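Notes follow the structure.
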Amino acid sequence: RPLIALVGRPNVGKSTLFNRIAGRRMAIVEDEPGVTRDRNYADCEWDHRAISVVDTGGFEPGAPAEHAPDRLMRQVREQAQLAVDEAAAVVLVVDGRAGLTEVDRSVAGLLRRAGKRLFVAVNKMDSGGTEAEAPLSDFYELGFGEVFPVSAEHDRGVGELLDAIVAELQVPRTPAP
Ligand code: GDP
């Protein structure tokens, strides 16, 4: 089963999306950015196709973005590199309310150069285009092709993202028992 890695800055909603994909509440969702977490793996099925997902959380404690931007940049890049090394596809999760940041752009560059299958999930798009949300076109500069608006919290757009991933990876259907 192919492994799909969720990569992104703290607080963009990776563990919420992980829980949504895994279909159960395994990862711990924290309001505080920079909380240490273990990397969580889950085996799951989508459309009768077996996949695994990893949430590449696990940031050092006490390193919120505003206090240690260099450290944050280094950590997110390290996690992106690990994801590239182990996963068949990488989903860069960004925050549709905060818009793109320097860390997002830097990690996107690393991922593009790695030559892996890439998807960008624009999270926190809860209401489909209100003023609080950045226009989707803002995210095309990341150079990932299609951009998927999702709301991990409200379970919007996650199915479309998974459809695209299993299609791109050509994950076979699990035979019926
Ligand atoms: P992570 O650090 O990237 O794993 O982010 P978390 O999953 O811990 O989420 C960070 C914060 O964003 C939490 O307060 C979540 O409740 C919130 N969040 C996650 N997904 C959504 C979403 O789809 N919409 C909104 N409005 N908030 C979200």
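What you are looking at is a predicted structure, and each value in this text was computed from that prediction instead of being measured. One-based numbering, in listed order, for ligands and for the atoms of each.
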Exercise. Is it the side chain (CB and beyond), the backbone, both or neither of Asp55 that lies under 4.0 Å from ligand 1, heavy atoms counted?
Worked result: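 The answer is neither.
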For this session: Please work out whether any backbone atom (N, CA, C, O) or any side-chain heavy atom from C-beta onward of Asp126 is under 4.0 Å from ligand 1, and answer side chain, backbone, both or neither.
Result: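 Side chain only.
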Exercise. Any N or O of Lys124 that comes nearer than 3.5 Å to an N or O of ligand 1?
Worked result: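 Checking ligand 1 against Lys124, an N or O pair does fall under 3.5 Å apart.
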Exercise. Any N or O on Met125 sitting closer than 3.5 Å to an N or O of ligand 1?
Worked result: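 So ligand 1 has no N or O lying under 3.5 Å from an N or O of Met125.
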Exercise. What distance separates Arg1 CZ from Leu169 CG, expressed to the nearest 0.5 Å?
Worked result: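 Arg1 atom CZ to Leu169 atom CG measures 13.5 Å (nearest 0.5 Å).
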Exercise. Can you tell me how far CD1 of Ile51 sits from CD1 of Ile165, rounded to the nearest 0.5 angstrom?
Worked result: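 If we round to the nearest 0.5 Å, Ile165:CD1 and Ile51:CD1 are 7.0 Å apart.
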Exercise. What residue pairs, at least two apart or across chains, pass side chain to side chain donor-acceptor pair (under 3.5 Å) with a residue in residues 150-161?
Worked result: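 Only Asp126-Ser151 qualify under side chain to side chain donor-acceptor pair (under 3.5 Å).
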For this session: Please identify each residue that fulfils side chain to side chain donor-acceptor pair (under 3.5 Å) with Asn123, with sequence neighbours left out.
Result: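 Counting only residues at least two positions away or on another chain, Asn123 forms no side chain to side chain donor-acceptor pair (under 3.5 Å).
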Problem set entry | Contact with ligand 1 for Arg9, non-hydrogen, under 4.0 angstrom |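 Flag set, Arg9 near ligand 1.
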Exercise. Is the closest heavy-atom distance from Gly8 to ligand 1 below 4.0 Å?
Worked result: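 Per 4.0 Å heavy-atom rule, Gly8 does not contact ligand 1.
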Problem set entry | Expected output: side-chain Lys14 to main-chain Val93 donor-acceptor under 3.5 Å |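 Flag not set: sc Lys14 to bb Val93 has no pair under 3.5 Å.
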Problem set entry | Side-chain (Ser15) to main-chain (Phe18) donor-acceptor, under 3.5 angstrom |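 Pair absent, no side-chain N/O of Ser15 close to backbone of Phe18.
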For this session: Report the member of Gly157, Pro10, Ser151, Gly13 with the shortest heavy-atom distance to atom 9 (O) of ligand 1.
Result: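 The option holding the nearest heavy atom is Gly13.
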Problem set entry | Numbered atoms and elements of ligand 1 in range of Lys14, under 4.0 angstrom, heavy atoms |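 That gives atoms 1 (P), 2 (O), 3 (O), 4 (O), 5 (O), 7 (O) of ligand 1.
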